[in-house]
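All remarks here apply to the structure that follows.
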Amino acid sequence: MAREMKIGIMSRDDFKKYTMAIAGGEIKPGEDQPKVWFDSLESMAQVLSTKNRELLKIIKEEEPNSLRELSDASGRRVSNLSRTLKTMEIYGIVKLEKQNRAAKPSVCVENFQAVFGI
């Protein structure tokens with residue numbers, strides 16, 4: 001089921017301080033705080049580029065059963081799709097479900113909200 005994801009953007013130094021403060025009990029992140037953090041707007045833009053958001057739309061609408069089917073629908077090479085989708089899976093944006101020898105992609109997140117800083 002698709003959901004909304006709140007994404008945070010914070011420098012690596014600030015993120016390190018933030019996580020140390022959480023570990024030390026100084027800060028308790030609320031439910032409304034981002035669960036996924038990028039160190040720059042540019043790094044977020046690489047994952048959520050226009051091309052990759054179009055890919056998410058294709059996955060949602062076409063429901064391909066494999067990366068080969070997604071390649072046919074999107075015009076992108078399977079090797080490129082594999083790298084892109086594995087990165088998106090790390091962030092929880094897509095899920096790659098193994099079916100026999102194929103990986104069936106599905107969209108986990110449809111809407112994104114970006115938060116700068118903490």
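Side chains are part of it too, since the values below use all heavy atoms of this structure and drop only hydrogens, waters and symmetry mates. Here the structure is a predicted model, which means the values were calculated and not measured.
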Output the distance between atom [atom1] ([X]) and atom [atom2] ([Y]), rounded to the nearest 0.5 Å.
X: E54; Y: L56; atom1: CD; atom2: CG; answer: 10.0 Å
X: R3; Y: F112; atom1: CZ; atom2: CZ; answer: 9.0 Å
X: I93; Y: L48; atom1: CD1; atom2: CG; answer: 4.5 Å
X: E4; Y: E110; atom1: CD; atom2: CD; answer: 10.5 Å
X: I7; Y: L41; atom1: CD1; atom2: CG; answer: 10.5 Å
X: E62; Y: K57; atom1: CD; atom2: NZ; answer: 10.5 Å

Non-hydrogen atoms of [X] and [Y] that approach each other most closely:
X: P34; Y: G8; value: CB-N, 3.3 Å
X: A102; Y: S66; value: CB-CB, 3.8 Å
X: I59; Y: P64; value: O-CD, 3.6 Å
X: Y18; Y: M10; value: CB-SD, 4.0 Å

Requested in this report: For K35, look at atom NZ and say whether over 12 heavy atoms of other residues, nucleotides or ligands are found less than 6.0 Å away.
Outcome: yes
Take a 6.0 Å sphere around NZ of K17 and say whether it holds more than 12 heavy atoms from other residues, nucleotides or ligands.
no
Answer with yes or no whether the hydrophobic clustering places L55 together with I90; edges join I, L, V, M, F, W, Y residues whose side-chain heavy atoms lie under 4.5 Å apart.
no
[X] side chain near [Y] side chain, heavy-atom distance below 4.5 Å:
X: L70; Y: L85; value: yes
X: F15; Y: D39; value: no
X: T87; Y: Q46; value: no

Discussion item. Whether the side chain of K6 engages the backbone of D32 through a donor-acceptor N/O pair (distance < 3.5 Å, no angle test) should be reported.
Written reply: yes
Quick check against the 3.5 Å criterion: does E89 have a side-chain atom that pairs as donor or acceptor with the backbone of L96?
yes
In short, side chain to side chain donor-acceptor pair (under 3.5 Å) pairs touching residues 68-82 with sequence neighbours left out are N52-R76, R76-N80, R76-T84
